[in-house]
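This report concerns only the one structure given below.
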Amino acid sequence: MTKSQDKPGQVTRREFFGAIFGLSLVAMMAQFGSVLARFLEPVIEEGAFGTVVRAGRVEEFEVGSVNYFRQARFYLVRLEDGFLAEYRKCTHLGCVVPWIEEEGIFNCPCHSSLFTKEGEVISGPAPRPLDLFPIEIRDGVIYVDTGTIIEREAFHPDQLTPA
Amino acid sequence: MTTWSQRITRSRVWRSFFRHGWPDNPLDRSLVMTTNIFFHLHPVKVSRASLKATYSFGLGILATILFGILAITGTLIMFYYVPSTERAYEDIIFLQTKVPYGQLMRNMHRWAAHGMVLVVVLHMVRVFYTGAYKPPREFNWIVGVILLLLTLGASFTGYLLPWDQLSYWAITVGTNIAGYAPFIGPDLRMMLLGGVEVGQNALTRFYALHIMVIPGALLLLISLHIWRVRKDGGLAAQRKAEDSLNIVGEETL
């Protein structure tokens, strides 16, 4: 800052206006920064992967069935006691894991990780079962929140959402 | 307060950036300008006469600031815009309706573009009426004319990018006018459109011109233009003031 030797501790007019200018500059940059951050934050459209997706009505899915939702990137599995929404992404290195209906398993083509219907690892390098998305059933309609990924160590019946 | 600020300004990192002291004396103030790639375009000292707001109305610097706003908002719009006939219109709608501050960015880009054309023309008028185009500044006048044409070119190419009815027919009409130019007209029109009518090729070409070719040329020529002002002896108003040697330094400010 400009020297103010005359009276130590006294702020000169130039220092005062310099500080005001500096502070306004900081405030302006902060505003630009927040606008920039909001502007560049990805916009995810309603119903797309990353939002809450309407999967369908409960009675549309038979017990024991595995239904693939390609746009929303998950498998909707109906077991005896309820539903699981399993993320299609292999927990090993992120490949898309196809469901093999004839064998009743998920078989990852990249490094041959095999998963049960519940998503548990049968063999291969996958470190943990297939990840889950939370399911909510309202008025008989299944909604899957593809914005929240649940990692798990093993399959537990309490991960099921009862119909 | 002095201790930590001194610790910063005496650090090796700081002194590798700034090879001069705090600008509170004539030498360091000169060094601020001459050791900085951006500031060195500007003279170290200016005459009091050229500081009078009603002499230049600050139109040149206004045009430069508008160019800066256009470059920043334009770059941000590029984050959401794909120059394809399938997507361009949808992307603009998406930008305006879904992206936070998207409408603001587009409007800033649009109004700054209109403003830049207006300001550049007024700047030219000012230079003409103050006789600032006369030797030794005649070369800079020519650079200024090229800058005017580039500004209009940027506006024209940007016009097509929203890919709505207004854009489409404006460019159809505009390129047909270009087609009437003697000798080169029809070829020029084909070169601009990349075909016989406005389509994907035209959109691709106008996009490349709008975001790269014209702004690049503008940046280069604006730098040359401002640097030439200094090299040609500062603002033309200085000449009148030189008799009284009323040069503004730190003493008079």
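First the proteins, then the strands, lettered A, B, ... as listed; each starts at 1.
Taking a 6.0 Å sphere around CD1 of B:I37, one finds it holds 12 or fewer heavy atoms contributed by other residues, nucleotides or ligands. Heavy-atom contacts from other residues, nucleotides or ligands closer than 6.0 Å to CE of A:M28 number more than 12. The neighbour count for A:Y68 OH, taken as heavy atoms of other residues, nucleotides or ligands under 6.0 Å away, is above 12. Remark: A:F155 CZ is packed, more than 12 non-hydrogen atoms of other residues, nucleotides or ligands lying under 6.0 Å away. Within a 6.0 Å radius of CZ in A:R152, more than 12 heavy atoms belonging to other residues, nucleotides or ligands are found. Sparse packing is recorded around CD of A:E80, with 12 or fewer heavy atoms of other residues, nucleotides or ligands lying under 6.0 Å away.
With a 4.5 Å cut-off on side-chain heavy atoms, A:V43 and B:P100 count as touching. Between B:V99 and A:E41 the shortest side-chain heavy-atom distance does not fall below 4.5 Å.
The CG atom of A:L36 sits 6.5 Å away from atom CE of B:M105, with the distance rounded to the nearest 0.5 Å. Taking CZ of A:R38 as the reference point, atom CG of B:L104 lies at 12.0 Å (rounded to 0.5 Å). Residue B:Y80 holds its OH atom at 5.5 Å from CZ of A:F39, rounded to the nearest 0.5 Å.
Residue B:Y101 touches chain A through both its backbone and its side chain, counting heavy-atom pairs closer than 4.5 Å. Neither the backbone nor the side chain of B:I72 has a heavy atom closer than 4.5 Å to any heavy atom of chain A. Looking at A:L40, both its backbone and its side chain come within 4.5 Å of chain B, counting heavy atoms on both sides.
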